Amino acid sequence: MECDEVSEIDDLACIYVKQSRPSNSLEQDARHGLLAAPRSMPPKYFYDEHGSLLFDRICNTKEYYPTRTESRLLENHALELIELTKPKHILEFGSGCSRKTHFLMQACESINISCEYLPFDVCKEVLHQVRNEYIERYQWLDVKPLVGDYTAGLDDLHRPEGSCLYVFLGSSIGNFNLQQANEFIAEVTACMQPGDSFLLGVDRVKSTQILHQAYNDEKGVTEAFNLNLLNVLNDQLDADFDLNKFKHKAIYNEVQQRIEMYLVSESAQAVMIDGLDESISLNKDEEILTEVSHKYTYDQVESLLTDAGLHILRHVEPDNAWFSLVLAHKPL
Ligand code: AVJ
């Protein structure tokens with residue numbers, strides 16, 4: 001696959017990954033998603049600086065088990081995963097605060113593998129913090145932050161020379177519907193060279209009660225995270241959403257095997273969106289879909305990877321099978 005060698009690099013040493021297919025701007029997504037029912041907004045707009053910090057706080061709530069479950073799997077298995085792959089490069093999609101990736105770096109350090117880390121995220125501020133944190137902690141490590149939207153095509157993704165471990169953690173795959181998930185795995189596979197590996201973290205199907213609690217934490221952090229989307233619309237599209245007039249709703253749709261998160265209008269109300277030169281009238285109890293988070297059985301995870309031509313090298317899960325960490329590789 002031909003890659004554009006001369007990617008744009010800014011003063012923070014961040015490499016800009018140009019989208020290789022048109023992806024909507026916030027304005028286009030709002031015009032498409034908010035001006036007519038059913039109303040929806042893509043979850044990527046949760047992650048402004050405040051939203052990224054709120055998500056970090058969600059990960060520390062007692063109800064939201066995915067992060068600590070995946071962390072424990074990484075802590076217990078990172079060494080064997082690194083010994084199996086011996087990466088020269090670790091490229092992580094949707095890296096966020098890169099909290100869990102430390103386990104992979106510590107495993108590299110413990111067996112003297114010096115590699116390069118390429119965190120790939122939409123939020124430049126968080127990438128900058130991660131870069132400083134990692135180069136200070138790992139003297140041997142080279143960090144090349146990639147700024148961009150990994151859902152907007154990977155053609156411009158610079159393919160490093162030498163074995164590469166691609167990483168996609170936190171069950172962010174859950175934000176894709178099943179067709180998009182298959183397409184994304186196929187795109188990553190197309191980036192991979194024979195012998196490269198792919199480490200995928202996926203939240204598993206489980207009881208509705210456990211899932212419901214994970215997205216409706218007592219402290220209301222998930223609620224604040226969800227409502228923060230209205231701050232993003234007010235700030236960036238000059239809208240006048242009143243957060244007090246909306247409530248958080250997250251349910252598990254057993255048929256679709258997914259969490260569905262909504263903002264619900266508490267009353268009939270009109271909202272001005274000056275950035276679109278439009279106003280919308282919402283009925284009482286009208287919903288705006290803000291996120292879906294698909295859950296998988298292990299068989300579904302396996303076929304997601306093998307359908308793309310990858311071979312499963314290793315699958316680890318906790319005793320309660322609540323989460324899967326799967327290492328696959330592209331056959332030689
Ligand atoms: C980052 C998409 C994996 O769906 O579990 C957490 C985001 N939304 N609580 C998820 C999220 C509400 C999270 N992902």
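It should be emphasised that the depicted structure is a prediction, and the values quoted were computed from it without experimental measurement. Each ligand, and each atom within it, is numbered from 1 in the order the structure gives.
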Which protein N or O atoms sit under 3.5 Å from any N or O of ligand 1? Give each pair with its distance.
residue  : atom  : partner : partner atom : Å
ligand 1 : 4 (O) : Ser293  : OG           : 2.8
ligand 1 : 5 (O) : Tyr64   : OH           : 2.6
ligand 1 : 5 (O) : Tyr215  : OH           : 2.6
ligand 1 : 8 (N) : Glu291  : OE1          : 2.6

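- Alongside Val292, the hydrophobic cluster contains Ile251, Tyr262, Val264, Leu289 (criterion: ILVMFWY side chains under 4.5 Å).
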Which pairs of donor and acceptor atoms, one on a side chain in residues 267-281, lie under 3.5 Å apart (sequence neighbours left out)?
residue : atom : partner : partner atom : Å
Gln269  : NE2  : Lys245  : O            : 3.2
Gln269  : NE2  : Ser265  : OG           : 2.8

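- Note: Phe93 and Phe120 have tilted aromatic rings, judged against thresholds of 30 and 60 degrees for the angle between ring planes.
- For the residue pair Glu291 and Asn175, a side-chain donor N or O sits within less than 3.5 Å of a side-chain acceptor on the partner.
- Counting only residues at least two apart or on different chains, the ring-ring contact (aromatic ring centres under 6.0 Å, His included) pairs with a member in residues 296-320 are Tyr298-His315.
- Aromatic rings of Tyr134 and Tyr117 (six-membered ring for Trp) have centroids within the 6.0 Å cut-off, being under it.
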